[in-house]
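Ligands are counted one by one from 1 in listed order, and the atoms in each one are counted from 1 as well. Quick note: numbers below take in every heavy atom, side chains included, and nothing from hydrogens, waters or symmetry partners.
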Amino acid sequence: MLPLFLLIAVLAPSGSVLWFMNDAARSQAEAARQRVTEAYRAQARILRDRVDESWKARVSSLDGVNDFVGAWKASGADAIILLDERGRPVYPARPAGPAPDPATDRPAWQLAEAQERGGKPGEAAALWESIANSERDPNLAGRAAQAEIRCLLGSGHRDAALGEIERRFGSGRWASARDLEGRLLAPDEQLLELHLLKRGAPRFEARARQLAERVNRYDDPPMLSAQRLFLMNELHALAPYLADFRWEAAETLAEQVLEAGRVTPLSTALESSGFSDVWKVASGDQRVLALYRSGTVAALTAPILKIGLGGARFTVAAPGAPPSDGVAAGRMLPGWQIAFTLFDTQALEQTGARRRAAYVWMGSTVIAAAILMSFGAVQFFRRLSRLNRLKTDLLAAVSHELRTPLASMRLLVETLLEDGQADAVKTREYLQLIAAENLRLARLVENFLTFSRIERNRQHFEFAPTTPAAVVESAVAAMGERLHAPGCQLDIEVNPGLPPLVADENALITVLRNLLDNACKYTPAEKRIRIRAHEQNGRVAFEVEDNGIGIAPREQKRVFRRFYQVDRRLARETGGCGLGLSIVEYIVRAHGGEVTVESQPGAGSTFHVLLPCQAAAREAAGA
Ligand code: ADP
């Protein structure tokens with residue numbers, strides 16, 4: 001019951017301690033992580049302000065810029081859309097439908113067109129040529145020249161057509177002439193020239209280079225974006241090695257955004273363009289719309305984020321990105337985040353692990369202390385209850401065992417006193433009986449006292465050199481007349497030259513006296529008692545042998561227990577209280593020795609006491 005109670009008393013607090021430890025370690029780690037995260041969040045707020053500033057500066061640098069390339073360069077954007085004062089796209093612009101043709105009602109034009117349609121390209125070519133020469137409007141003149149070239153080709157005059165392209169459009173005279181859809185005529189004719197020329201010919205190379213340069217130029221006269229993209233495409237096919245157009249991607253993206261999304265409303269903060277993964281921002285004067293892909297926003301912002309604290313990687317995350325630690329990215333990037341990921345979590349984990357180890361250590365110490373204390377408590381209570389039991393046993397034994405010799409002594413004394421003329425022999429006999437009872441009483445009291453000292457840990461031994469012979473002699477002498485009484489044969493055998501012992505001589509005498517006492521008590525008539533001392537394997541062996549009632553094998557271990565008596569009734573008669581052998585064992589053990597019994601019921605018992613002899617004393621004895 002008690003151990004169970006203590007087990008619960010230990011297990012319950014141990015469980016709580018373990019739980020507490022675990023919980024504390026976890027919340028410590030969490031708190032550390034939160035502290036670090038908070039530090040990085042503060043850093044992210046600083047970076048957010050810088051990022052905001054940089055985007056403000058970037059957007060305000062677009063104020064007053066009104067050309068595609070200039071705006072592209074100033075903004076670092078992926079694409080640019082230029083706007084008019086009403087917010088409509090100017091560049092790239094959707095081609096307007098064909099304008100009314102001012103030439104429709106001119107007779108010369110009608111005639112030339114009729115000839116061409118009537119399948120007379122040769123005549124038509126001549127008519128177109130004269131119109132081209134006389135027309136003052138460059139657009140109309142250019143268109144007539146274009147028609148002339150077309151008719152020359154239609155009539156199979158390829159060289160003449162090439163000559164006319166060169167003569168009329170190579171000079172730059174009609175560089176700004178446009179067709180009804182607003183396309184520039186010259187680049188279109190130059191493209192036709194390329195188609196007519198042999199690839200790789202010097203003139204082809206020169207014209208291709210010129211055309212590629214023209215496509216890359218954004219100065220006057222402005223070219224429609226659609227025409228530019230068309231020419232880029234054609235050049236990719238005709239002269240891929242020249243087709244390296246810096247703004248092709250920007251042109252394409254601007255076209256795509258215009259096609260997919262709405263340009264308005266204009267905002268000076270980064271907003272979705274309506275085209276997947278592309279963001280738009282308008283300049284303060286609302287004449288430039290810069291388009292950024294998410295990757296470009298991140299790349300442009302990265303240099304600012306690089307100056308963040310080490311131990312974390314700061315990035316700018318687009319709206320809808322997977323959630324992570326961070327702060328809102330500020331006014332210029334609404335919905336964006338300055339996010340961070342801790343990549344140096346090792347130090348954090350190490351701190352956590354150290355703390356955990358400390359807690360485990362602390363917890364283990366507490367548990368170990370609790371276990372030790374409960375173990376101590378169990379021992380203490382056990383000892384207490386054993387002492388209590390002993391006390392009861394002792395009281396019972398004392399009251400009973402003392403009463404018997406006292407009663408018989410009183411009886412003897414009273415008989416002597418009553419018999420006024422007792423003869424000397426009878427008196428002596430009575431006195432001898434009284435002396436024997438007295439001796440028995442003294443042994444009992446002595447055993448009680450020894451036992452009591454042992455139990456209270458007050459038994460002290462005084463070790464001093466002595467000889468086995470002296471111990472045997474004193475023990476036999478202390479037994480008095482009992483061993484020399486009639487019907488008792490005593491043999492004493494002490495081998496000569498035994499090594500001396502370092503022992504408490506009185507204690508050893510008690511050992512032998514108790515054994516001799518038992519030999520007397522448990523041997524009925526015709527006692528043959530032998531006491532021997534000899535050397536055995538370097539140790540001194542005492543043996544007390546009798547021819548008494550013997551001890552059954554299963555009792556042979558138990559007889560050394562306190563208060564254990566094989567046959568209580570017999571023990572009462574012989575006057576014992578079950579302490580003699582337990583005292584023997586205690587003393588022998590305290591001397592580093594051991595006591596055993598060999599016995600056969602009905603045949604007698606031999607008690608062996610083996611004691612170590614001190615090497616130094618032994619050498620001295622040999623010398
Ligand atoms: P007690 O005071 O009863 O003799 P001991 O501790 O000396 O107590 O002995 C314990 C028991 O061992 C005895 O009661 C007895 O039954 C048994 N015993 C001891 N010595 C002998 C012996 N020489 N022969 C037979 N039985 C013995």
Number the atoms of ligand 1 from 1 as they appear, then name those within less than 4.0 Å of a heavy atom of Q565, with their elements. 3 (O), 14 (O)

Under a 4.0 Å heavy-atom limit, does I549 contact ligand 1 with its side chain, its backbone, both, or neither? side chain

Interfacing atoms of ligand 1 (cut-off 4.0 Å, heavy-atom, K521): 1 (P), 2 (O), 4 (O)

Numbered atoms and elements of ligand 1 in range of L579, under 4.0 angstrom, heavy atoms: 6 (O), 8 (O)

Against heavy atoms of V566, which atoms of ligand 1 measure under 4.0 Å? 14 (O), 16 (O)

May I ask whether G548 places a heavy atom under 4.0 Å from ligand 1? no

Checking side-chain contact (heavy atoms from CB on, under 4.5 Å) against F607, which of V584, I551, L512 comes through? I551

Of the protein's non-hydrogen atoms, which lies at the shortest distance from atom 23 (N) of ligand 1, and what is that distance? D546 OD2, 2.9 Å

Taking the inter-plane angle between the rings of F451 and F563 on a 0 to 90° scale, is it parallel (under 30°), tilted (30 to 60°) or perpendicular (over 60°)? perpendicular

Would you call the rings of F463 and H591 parallel, tilted or perpendicular if under 30° counts as parallel and over 60° as perpendicular? tilted

Give a yes or no on this: more than 12 heavy atoms of other residues, nucleotides or ligands lie within 6.0 Å of atom CD of Q600. no

Got an N/O contact under 3.5 Å between F607 and ligand 1? no

Evaluate the salt bridge (charged side-chain N to carboxylate O under 4.0 Å, His left out) criterion for residues E30 and R35: first the C-alpha distance (whole Å), next the side-chain angles of each, then the deciding distance (0.1 Å), finally the verdict. CA-CA 9 Å; E30 188 51 43; R35 273 200 303 280; over 6 Å; no

Distance from atom 15 (C) of ligand 1 to nearest protein heavy atom, with residue and atom: Y522 CZ, 3.6 Å

The closest protein heavy-atom partner of atom 6 (O) of ligand 1 is L581 N, 2.8 Å

Are T467 and L501 close enough that some pair of their side-chain heavy atoms sits under 4.5 Å apart? no

Any N/O pair I551/ligand 1 closer than 3.5 Å: no

Of the side chain and backbone of Y564, name the one, both, or neither that has a heavy atom under 4.0 Å from an atom of ligand 1. backbone

Would you confirm whether the ring centroid of W55 sits within less than 6.0 angstrom of the ring centroid of W336? no

Return the minimal non-hydrogen interatomic distance between P468 and V540, and the atom names on each side. CG-CG1, 3.8 Å

Please check: side-chain N/O of D546 versus main-chain N/O of S605, any donor-acceptor pairing under 3.5 Å? yes

Should we say atom CD of E462 is surrounded by more than 12 heavy atoms from elsewhere, each under 6.0 Å from it? no

Return the closest protein heavy atom for atom 19 (C) of ligand 1 as residue, atom name and distance. N518 ND2, 3.4 Å

Atom 17 (C) of ligand 1 - nearest protein heavy atom and its distance: V559 CG1, 3.9 Å

Below 4.0 angstrom from a heavy atom of G578, which ligand 1 atoms are there? Numbered from 1 as shown, please. 1 (P), 2 (O), 3 (O), 6 (O), 8 (O)

